[in-house]
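Structure, as structure tokens:
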Amino acid sequence: MIVGVVKETFPGERRVALVPDHLPALKKKGFEVIVESGAGADAGLLDSAYEAKGAKVLPTRGEVFEQADIIVQVRSYGANPEHGGSDLELMRKDQIVIGAAEPLSSPELVEQLAKTGVNSFGLEIIPRTTRAQAMDILSSMATVAGYKAVLWAAERLPRFFPMFMTAAGTVAPAKVFIVGAGVAGLQAIATAKRLGAVVSAYDVRPAVKEEVQSLGGKFVEMELDTAEGEGGYAKQMDEEFYRKQRELMLKVVAESDVVITTAAVPGRKAPILVTEEMVKGMAPGSVIVDLAAERGGNCELTKVDEVVVAHGVTIIGPSNVPSTVPFHASQMWSKNISNFLNNMLTKDKEKKFDLEQEDDIIAATWLTKGGQVVNESVKELLSKQGGQG
Ligand code: NAD
């Protein structure tokens, strides 16, 4: 099978779907790789590095689409609505397209993709199971985001993170509070600890308490119901729950130099957990990094892709955070994709490429096939919109 790597076209996107280091292992499994010239440049990966690992570099995107059996991307059409559409005319019937596709937020784009006849796969809807962990782009990208959020906070904070005992006096460590201890939150805890801060965290899922503690964080106890839903995710709670949570968080937020929010409920707008009132209670110079900014934000004052200063507090609402660490984010993405491709080989001795084999990961991520949308959740959303269904 020929795997084609194309340059990302989403504005500001610096990641690439496959990195040169992973090509020899793919070749051993029977995958040849072709690359659009310049595809890895923004992640520091030159065409020559791909060639050195056995890839063929082609000058145009069109040639990659023409020759590849499988196109791998970071953002395929659904996750790149403004610029991804021009790829549709390059796609061939039965070609395989793998990437992030935001199928549940833009089902109508999945329907358009279906019309090209491609077999497309959406990586964000991979099951959160142990077997799928090595292919889970949500986890790997959340790791990048949690790390970077801490660095941004440290950079903006007019204080040190660690404690210092110097001839010029003693410096108290910064107090960092992480709201939401999923993959991003846990990485934020670890990173803030490494920088020497005193870290506390809260999550509505009680199961994470031990994980927070094992990273050296303090789990903040709140008298709230637990909110664990299906698949280990947080479930949507009513407004009364969030009101009570905000009330309980008021004091912790006021005592923190840095608040990093990561609280998400899959498929929903992020809950508002840090109100303007709470921001007012923070000391001037404090920093909030809102990793839920793309999904509406956990802080009432967040503006996506802006740095807002309100009541002396800096509120950072970044989007596409993984793209700001393009080398390692690409390396992780590439490993996830390589594992995803290997999972498409039969599990017997023959190791034949076979999409039709029985496999829960292939089934769960398969979006379009033979001109139709095949994912049940996407079909349901489309039928609500009066589309295919
Ligand atoms: P996420 O990005 O959906 O949410 C981030 C965190 O915010 C979650 O921990 C969530 O509980 C928390 N949250 C939601 N509402 C909140 C609120 N009101 N207050 C405080 N916190 C709130 O989550 P994620 O990082 O993708 O992880 C979700 C689950 O999936 C976790 O149980 C994680 O361990 C699990 N997971 C499993 C696998 C796997 O087995 N393949 C991989 C990754 C994650």
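Numbering of ligands and ligand atoms starts at 1, following listing order.
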Closest non-hydrogen atom pair, [X] against [Y]:
X: A17; Y: V5; value: N-CG1, 4.5 Å
X: M282; Y: V259; value: CE-CG2, 3.6 Å
X: A174; Y: D257; value: CA-OD2, 3.4 Å
X: L273; Y: R246; value: O-CG, 3.4 Å

Atom indices of ligand 1, in the order listed, that fall short of 4.0 Å to a heavy atom of [X]:
X: L273; result: 17 (C), 18 (N), 19 (N)
X: D136; result: 41 (N), 42 (C), 43 (C)
X: G180; result: 7 (O), 12 (C), 21 (N)
X: S139; result: 42 (C), 43 (C), 44 (C)

Among all the protein's non-hydrogen atoms, which is closest to [atom], and how far away is it?
atom: atom 19 (N) of ligand 1; result: Q245 NE2, 2.8 Å
atom: atom 2 (O) of ligand 1; result: A264 CB, 4.0 Å
atom: atom 5 (C) of ligand 1; result: T262 O, 3.2 Å
atom: atom 41 (N) of ligand 1; result: T129 O, 3.0 Å
atom: atom 12 (C) of ligand 1; result: D203 OD2, 3.2 Å
atom: atom 7 (O) of ligand 1; result: A263 CA, 3.3 Å
atom: atom 29 (C) of ligand 1; result: G232 O, 3.4 Å
atom: atom 34 (O) of ligand 1; result: R205 NH1, 4.4 Å

[X] N/O under 3.5 Å from ligand 1 N/O:
X: R128; answer: yes
X: V183; answer: yes
X: G182; answer: yes

Can you tell me if [X] has a non-hydrogen atom under 4.0 Å from ligand 1?
X: A142; value: no
X: L138; value: no
X: G185; value: no

Within 6.0 angstrom of F353 CZ, more than 12 heavy atoms from elsewhere: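 Yes, CZ of F353 has more than 12 neighbouring heavy atoms, counting only those of other groups under 6.0 Å.
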Short side-chain donor-acceptor distance under 3.5 Å, N119 and Q95: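 No, no side-chain donor-acceptor contact under 3.5 Å.
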Check: K352/Q357 side-chain N/O donor and acceptor closer than 3.5 Å: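 Absent: no donor and acceptor within the cut-off.
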Straight-line distance of K280 NZ to L250 CG, nearest 0.5 Å: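 The CG atom of L250 is 12.0 Å from NZ of K280, to the nearest 0.5 Å.
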Spacing of Q213 atom CD and F219 atom CZ [to the nearest 0.5 Å]: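 Answer for the CD-CZ pair, Q213 versus F219, is 8.5 Å.
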F121 and F340 aromatic ring geometry - parallel, tilted or perpendicular at 30°/60° bounds: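 The rings of F340 and F121 stand perpendicular, inter-plane angle above 60°.
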Any protein heavy atom < 4.0 Å from atom 39 (C) of ligand 1: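 Yes, there is a protein heavy atom closer to it than 4.0 Å.
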Criterion side chain to side chain donor-acceptor pair (under 3.5 Å) on T60 and E63, from CA distance to verdict: CA-CA 5 Å; T60 66; E63 285 165 279; 2.6 Å; yes
Within 45° cone of W366 ring axis and under 6.0 Å: K369 NZ or CZ: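 That pair qualifies as a cation-pi contact.
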